[in-house]
K.L.:
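The structure under discussion is supplied below as structure tokens; questions concerning it will follow.
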2 protein chains.
Amino acid sequence: MLLTVGKLARRCGMTVRTLHHYDAIGLLQPASRSGAGYRLYARADIERLHRIQALRQLGLSLTDIGTALSGPQQPLAEVVDRQIAQIDRELSEAANLRERLVHLRTQLTNGQSPDLADWLDTLELMTMYEKYFSPEELKALPLHTDPDVQVEWSALISAVQSAMDRGATTDDADVQILALRWMTMVERGTGNNPEFLMRLHAMNENEPAARAQSGITRALQAFVEAAVVAARLAIFARYLDVHDMERMRANYGKQMYAWPMLIADLRKAMEENTSANDPNVQKMAQRWMELFRAYAGDSPVTHARIREAYAKEVDLRSGSAVDNSLLDYVREALAGLASTTH
Amino acid sequence: MLLTVGKLARRCGMTVRTLHHYDAIGLLQPASRSGAGYRLYARADIERLHRIQALRQLGLSLTDIGTALSGPQQPLAEVVDRQIAQIDRELSEAANLRERLVHLRTQLTNGQSPDLADWLDTLELMTMYEKYFSPEELKALPLHTDPDVQVEWSALISAVQSAMDRGATTDDADVQILALRWMTMVERGTGNNPEFLMRLHAMNENEPAARAQSGITRALQAFVEAAVVAARLAIFARYLDVHDMERMRANYGKQMYAWPMLIADLRKAMEENTSANDPNVQKMAQRWMELFRAYAGDSPVTHARIREAYAKEVDLRSGSAVDNSLLDYVREALAGLASTTH
DNA sequence: CTTGACCCTCACGTAACGTGAGCCCTTAGC
DNA sequence: GCTAAGGGCTCACGTTACGTGAGGGTCAAG
């Protein structure tokens, strides 16, 4: 049942070198080694490899994959759900490109000169094969449909870039104001949809051309993220003691992109009227607590203070798609868990 | 109508840097420059870019793309046809993977333990997403279905590797025998189908895991190709004079992978009973002559000698999928061209 | 014992850009 | 004419995820 590296490589259509590399960077380490030092991969390693491959196909770098896999894990079934959704988008996009190519081909064989704008659109589709938004989703994306949002978004990006250019730091008051405005704009531009946020993020991460167009360079993205964290920590500081703030500084923001995924899944379950006592919902609630505890620690006093902060400060929640009904839903699921535990 | 580099990049979903790079390596150079040195891209550049993008999606390296685009060009309509066929294969593969993932998800949500072999198959599909052969095509591929062919293929690869290991050169008689046997095996393993040859080649070029499995390393591939050329030049030397051989040595084998593409297209037209006087067939015949002249020069005397060599030496044709009916077809198309020219 | 297939670690190299720097060009508005 | 914003130029260092080869040990079958 344990597989050596060559066997695993062959079965997965990968190379031994790749698996060596993943071991070396700590991404996928074999369950054990034989007496002779041979790597021996077990079933749990296959599961982890599945997660890795799924994230790779979403375009994450190996470093980012490592980060994503270092926190509490989504059930594999949910990973597979996302894969299926991605394939559906790709199927749709491939069909779209196919249609365009058939049209182009018809023009070419009829001796017609292809319309240049159309042709360039087709070339764009050929390049940006990765599919981030379906046509329907684009219609529901304010950032794409609302000119006001677009103008404000551009201005905000410019303002952040200016702050960076003049050497401002993420602790500067004006930068923190920009950061909070960023989260508000994210909320507005995505229609407060965490799934869209993740998609936009993936597109910007994966596509250099998208970065060039949006002006959101890697440096700017990192700056804003750090500024958002700093701004929110400044707010938390009004509610927490020094000890708590130390832990927050070390951990808050570490799973920044795990939260939207979980929130999207929970909102979906809630919108489908799935009972809070459903085992899957309870699992998600559990993961919520794990992510929460990762920065909040285990003290009920601290938890209460953080909750107070969330309740009073809208800036702690902006852009997160967390509202009171979702919080109630999570609480109900957690209550169900507590009662089944005792 | 002329586009600056930024405009073209934006319209095509590419980066300025990429276009700079293509210019720098001579792959896509703009039609002109403004007085200030700005790159200005014209319509013909869009067409060339389309070709580049299509080949990139087939997995060719930029160097190989440059080589492919340095010879006589397939009509763009045919390039588009190949793209459409590739998309169809990808659609089919995506649907296949989707089905597998749905099955896996069902198992996971039912609390079942996924079958390991099945799971690994799914992982392989996730990795080898690129689609090289449809299930039907695999059934028609002797290299995949015929154990005898597999055994002989493996033995031949080992024999070549041994020759390389002991420092043999491509001019050694035993190496040339191996080379000719290689072409015979290619013919047998692909069922003499040039489309399959190209697909196998692409798979081996693009997939390190495939190389690891087949044992056909890049070095071995290059060695065999050079040996095939050397073996065939040795045969031609019996028919051609010193001057002709000089030109052959410089040019024969340069468009090694353009020929199978053209031959596949011509065979398809012939099998569909397209008249040799059809303009598209005549265009293909023209390209045949261009590719031929690229190594044969323009002298009718030399042409006759080369044709004599092809007629008498089966080793010059093995693995090429060129038979007498195809040659007649090409000749008929060329004759039609000659009569419409005068 | 021999041989072939497989495994180990080590380490240099690669392709296709990504990114930033420093400076010039173009256009619109004052 | 000047200024500012957006776009262009060339130069050059850096990056990610392995690919490849070297040298040597292990395992299983004959």
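What you are looking at is a predicted structure, and each value in this text was computed from that prediction instead of being measured. Every chain is numbered from 1 and lettered A, B, ... according to where its sequence line falls, protein lines coming before strand lines. Basis for what follows: all heavy atoms, side chains included, without hydrogens, waters or symmetry-related copies.
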K.L.:
Please examine the side chains of Asp121(B) and Arg11(A), heavy atoms only from C-beta on, and report whether any two atoms are closer than 4.5 Å.
P.N.:
yes
K.L.:
Within the structure shown, what part of the strands sits under 4.0 Å from Thr15(A) by heavy-atom distance: base, sugar-phosphate, or nothing?
P.N.:
sugar-phosphate
K.L.:
Given dG18(C), dC17(C), dG8(D), which nucleotide is nearest the side-chain atoms of Arg218(A)?
P.N.:
dG18(C)
K.L.:
Among dG19(D), dT19(C), dC9(D), which is the nearest nucleotide to the side chain of Arg33(B)?
P.N.:
dC9(D)
K.L.:
What is the distance, to the nearest angstrom, from the CG atom on Leu220(A) to the C1' atom on dT19(C)?
P.N.:
14 Å
K.L.:
Nearest to the side chain of Ser61(A), heavy atoms from C-beta on, is which of dA17(D), dG19(D), dG18(C)?
P.N.:
dA17(D)
K.L.:
Within this structure, what is the CD-to-P distance between Gln29(B) and dC9(D), rounded to whole angstrom?
P.N.:
14 Å
K.L.:
Take atom CD of Gln53(A) and atom P of dC18(D), then tell me their distance rounded to the nearest Å.
P.N.:
8 Å
K.L.:
Is Thr4(B) close enough to dG8(D) that one of its side-chain N or O atoms is under 4.0 Å from OP1 or OP2 there?
P.N.:
yes
K.L.:
Is it the case that more than 12 heavy atoms not belonging to His20(B) sit under 6.0 Å from its NE2 atom?
P.N.:
yes
K.L.:
When you measure from the side-chain N and O atoms of His20(B) to the phosphate of dC17(C), is any distance below 4.0 Å, counting only OP1 and OP2?
P.N.:
no
K.L.:
Give the rounded distance in Å between these two atoms: CE of Met164(A) and P of dT19(C).
P.N.:
12 Å
K.L.:
What integer distance in Å separates Arg39(B):CZ from dG8(D):P?
P.N.:
10 Å
K.L.:
Measure from the side chain of Ala219(A), starting at C-beta and using heavy atoms only, and say which of dC8(C), dC18(D), dG20(C) lies closest.
P.N.:
dG20(C)
K.L.:
Given dA16(C), dG18(C), dG8(D), which nucleotide is nearest the side-chain atoms of Tyr38(B)?
P.N.:
dG8(D)
K.L.:
Counting only side-chain N and O atoms of Thr217(B), is one of them less than 4.0 Å from OP1 or OP2 of dT20(D)?
P.N.:
no
K.L.:
Kindly indicate whether the side chain of Arg43(B), heavy atoms from C-beta on, has any atom under 4.5 Å from the side chain of Trp119(A).
P.N.:
yes
K.L.:
Nearest nucleotide by nearest heavy atom, which residue falls closer to the 5' end of DNA chain C, Arg17(A) or Ser158(B)?
P.N.:
Ser158(B)
K.L.:
Between dT20(D) atom C1' and Gln221(B) atom CD, what is the distance in whole Å?
P.N.:
16 Å
K.L.:
Under 4.0 Å between a side-chain N/O of Arg56(A) and OP1 or OP2 of dC18(D), yes or no?
P.N.:
yes
K.L.:
Which nucleotide, dG19(D), dT26(C), dG8(D), lies nearest any side-chain atom of Val5(B)?
P.N.:
dG8(D)
